[in-house]
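Taking it in order: structure first as structure tokens, then the write-up.
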Amino acid sequence: MSKQAKTAITPTREENFPEWYQQVIKAADMAENAPTRGCMTVKPYGWAVWENMVNIFDGWLKDYGVQNCSFPMLIPVSFLSKEAEHVDGFAKECAVVTHHRLEADENGALVPAPAAELEEKYVVRPTSETIIGDAMSRWIQSYRDLPLKLNQWCSVLRWEMRTRIFLRTGEFFWHEGHNAFKDHEEAKGDCLHVLDLYEKFFTEYLAVDGFKGVKTPEERFPGANETYCIETMMQDGKGLQACTTHDLGTTFSKTFNIKYQIQEGGEELCHTTSWAFTTRMIGALIMMHGDDDGMVMPPRIAPQQIVVLPVLKGEGDADILAYCSDLAAKLKAKGLRAKVDEREMRTPDKMWDAIKKGIPLRVEVGGREMEEGVVTHVRRDLGRESKTTQSLESFIEGAQGILDAIHEDMLARVRRFRDENTHEAASIEELGAFFAAGKTGFVRMPVAVLDDPALEAVMKEHSLTTRNMPFADEGRSVLIAKAY
RNA sequence: CGGGCUGUAGCGCAGUCUGGUAGCGCGCCUCGUUCGGGACGAGGAGGCCGGAGGUUCGAAUCCUCUCAGCCCGACCA
């Protein structure tokens, strides 16, 4: 018997969900806390997940006519201060660049040189509506310049009080799209279209689904007329906003003078939008798919989809390794991300490594398989119960199908969990009673509850927030939950 | 930014109350036996105890000041 715990991760999700989350990240070697306050270092395995997300979604944006570009990381403070509502939202979490030179003080410590203080201070971008709005005002002259669709992949900085790797860090990575249109109808259409792209991306690549809907006025992005989002549910029942699109109306057009000439000769304000998803999505993947043995990667964005594990005994190892390499090469030829684990480690340790990293499909090849021309494989999402032996040829033909099946099952599991943990409440009393009883999940209520002055106290008591008003309910209901 | 807690080896901790120059587990390195859901034995490397002052013959330990992190709130993708 093993001295090891029954699960690869301690504590388990049930024992301590936040600690389990941290341990999964460590066990999968995805990221760690950086020496810089509140910031994370994303390690190769974690970054590979992000890269896959970027590569897929970037292509979709280009298909939609979005052009990539790059705006400065430093934004003049004066830009930020132009839009009052926007300032209210971000000013309190901005890092400010005030000097352009360091020098040694009397103790030899490097300090900002007093003589090098900047006349114009800069904030490290918390988001780029202002500096892009400024550019748009110069780039857009006529209706012929519209729509203008811009995007940048970059990182932003928000000085958060409490940080957690991937979920909330000082610096995080995202893409931010900023589009300009001639009227509100087009702008709203843009918001809804991009939201559909996000939904497609989530369901088809991340095996994630949630509630598509619109934010309540209190939860809107600072400066937006309307904020749309997809709210997802973590395994502890808490909500997580997975992406957003903002209908900014003419807020930033007015502030930054983004106007175009119409055919008839007059001038009109542009209607702008902005939208994003972030590295937070990796945290969502962990909390939606992970289990007590660690990460479970959705196959279509998994950095490695298949690990080929040679079971070596000393004799005939070279033949087994050759057999494995041949298998991996054939899988790669099929477009699959497969790799032989040739590291000098004990086989069981390699297995647990693959399990903790969440590699979707593990293939074991030993002397038995080689002699019989077969392979043995195990699905990460189902565990050893799914262990199957089949001929080499049929496996190579069917591998893509197995990965697709894993994806579909993971998505179905996520949807079932979401549905089973979404409850109805008709009154504020019911809402309070639900959370007072220690239950978890989302609570769906009639929207009229938002006008009830008694709601706030109950929400505060249980640390609840309104997540969104789901499109599926056509504005009749609002989802309330604890959230990340 | 309030309230609480913690900084000692890569990680997790003991030692601090009752000062005497640092220890345990895991991990890491070497050798052997092992290897299909976490092996075992024997050796070995690794720490100016968060930082700066102070008290003392002597400080991880006592005092002062700092810095950082964690948890609980308020704010947030």
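Throughout, a chain's letter reflects where its sequence line sits, starting with A, and its residues are numbered from 1.
As rounded to the nearest Å, B/U8 and B/A60 have P atoms that lie 15 Å from one another. Between B/C11 and B/C28, the distance separating the two C1' atoms is 11 Å to the nearest Å. Going from the P atom of B/G3 to that of B/C62 covers 23 Å, rounded to whole Å. The gap from the P atom of B/U61 to that of B/G43 amounts to 34 Å, rounded to the nearest Å. Comparing the P positions of B/G46 and B/A59 gives an interatomic distance of 24 Å, to the nearest angstrom. Only the C1' atoms considered, B/A45 is 25 Å distant from B/G38, to the nearest whole Å. Rounded to the nearest Å, the gap between the P atom of B/G20 and that of B/G15 is 14 Å. For the P atom pair drawn from B/G51 and B/C26, the interatomic distance equals 28 Å after rounding to whole Å.
Atom CD in A/Glu231 sits about 10 Å away from atom C1' in B/A77, given to the nearest Å. The distance from atom CG of A/Leu157 to atom C1' of B/A77 is 13 Å, rounded to the nearest whole Å. In this structure, the CG atom of A/Asp341 is 14 Å from the P atom of B/G36, given to the nearest Å. If you measure from atom CZ of A/Arg362 to atom C1' of B/G38, you get 12 Å, rounded to the nearest angstrom. Rounded to whole Å, the distance from OH on A/Tyr228 to P on B/A77 is 17 Å. Between A/Glu385 atom CD and B/G37 atom P there is a gap of 13 Å when expressed in whole angstrom units. To the nearest angstrom, P of B/G38 lies 13 Å from CG of A/Leu309. What separates CE of A/Met345 from C1' of B/G27 is a distance of 12 Å, to the nearest Å.
Within the shown strands, B/U30 is the pairing partner of B/A42 under the Watson-Crick or G-U definition, both distances less than 3.5 Å. If you check B/A60 for Watson-Crick or wobble pairing at under 3.5 angstrom, you find it has no partner at all. B/G23 is paired with B/C13 under the criterion used here, namely a Watson-Crick or G-U wobble arrangement in which both key atom distances are under 3.5 Å. Nucleotide B/A77 has no partner under the Watson-Crick or G-U criteria, as no pair reaches both atom distances under 3.5 Å. Of the nucleotides present, B/G51 is the one that pairs with B/C65 by Watson-Crick or G-U wobble criteria, both distances under 3.5 Å.
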Name the pairs: protein N/O against N/O of nucleotides 7-14 of chain B, kept only if under 3.5 Å.
none

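Cation-pi geometry between A/Lys212 and A/Phe471 is not satisfied (NZ or CZ under 6.0 Å from the ring centre, within 45° of the ring normal).
Contact annotation for A/Lys215: no contact, since no heavy-atom pair falls under 4.0 Å across all strands. At a threshold of 4.0 angstrom between heavy atoms, the contacts of A/Leu240 with the nucleic acid are absent. Among the heavy atoms of the strands lying under 4.0 Å from A/Leu167 is at least one base atom, whether or not backbone atoms are also near.
For A/Phe434 and A/His462, the gap between ring centers reaches or exceeds 6.0 Å. In summary, the aromatic rings of A/Trp50 and A/Phe166 are positioned with their centroids too far apart to meet the 6.0 Å limit.
Taking the six-membered ring for Trp and thresholds of 30 and 60 degrees, A/Tyr205 and A/Trp60 have ring planes more than 60 degrees apart, a perpendicular arrangement. Ring planes of A/Phe172 and A/Trp174: perpendicular class, angle over 60° (limits at 30 and 60°). Using cut-offs of 30° and 60° for the angle between ring planes, the A/Phe277 and A/Trp153 rings count as perpendicular.
With sequence neighbours left out, A/Ala284 forms a side-chain contact (heavy atoms from CB on, under 4.5 Å) with A/Met234, A/Leu240, A/Met281, A/Met288. A/Asp319 meets the salt bridge (charged side-chain N to carboxylate O under 4.0 Å, His left out) test with no other residue; sequence neighbours excluded. Residues satisfying the salt bridge (charged side-chain N to carboxylate O under 4.0 Å, His left out) criterion with A/Glu226, sequence neighbours excluded, are A/Arg220. Annotation: salt bridge (charged side-chain N to carboxylate O under 4.0 Å, His left out) contacts of A/Asp341 (sequence neighbours excluded): A/Arg343. Among residues two or more places apart in sequence or in another chain, the ring-ring contact (aromatic ring centres under 6.0 Å, His included) test is passed with A/Phe442 by A/Phe211. In this structure, the salt bridge (charged side-chain N to carboxylate O under 4.0 Å, His left out) partners of A/Lys215, at least two apart in sequence or on a different chain, are A/Glu231.
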Margin query: Does the protein touch nucleotides 65-75 of chain B at the base, only the backbone, or not at all? Give it as B, S and - per nucleotide, heavy atoms under 4.0 Å.
Written below: ----S--SSBS

Please set out all donor-acceptor pairs under 3.5 angstrom arising from side-chain atoms of residues 454-461 of chain A, sequence neighbours excluded.
none

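For the pair A/Thr376 and A/Phe90, both in contact range of RNA chain B, the more 5′-proximal nearest nucleotide belongs to A/Thr376. Each of A/Gly383 and A/Ala242 has a nearest nucleotide on RNA chain B; the 5'-most of these lies closest to A/Gly383.
In the region residues 364-372 of chain A, proximity to RNA chain B at under 4.0 angstrom, judged on heavy atoms, holds for A/Glu364, A/Gly366, A/Gly367, A/Arg368, A/Glu369. RNA chain B lies under 4.0 Å from at least one heavy atom of each of the following residues of residues 278-305 of chain A: A/Thr278, A/Arg280, A/Asp293.
Paired with A/Phe90 under the rule ring pair (Phe, Tyr, Trp, His ring centres under 6.0 Å), one option of A/Trp159, A/Phe79, A/Phe221 passes, and it is A/Phe221.
Taking each heavy atom of A/Ser386 and A/Arg379 in turn, the nearest pair found is OG-N, 2.9 Å.
The ring-ring contact (aromatic ring centres under 6.0 Å, His included) analysis of residues 369-395 of chain A, with sequence neighbours excluded, yields the pairs A/His377-A/Phe395.
Residue-nucleotide stacking is present for A/Phe172 and B/A77, judged by a side-chain ring centre under 5.5 Å from the six-membered base ring centre and planes under 30° apart.
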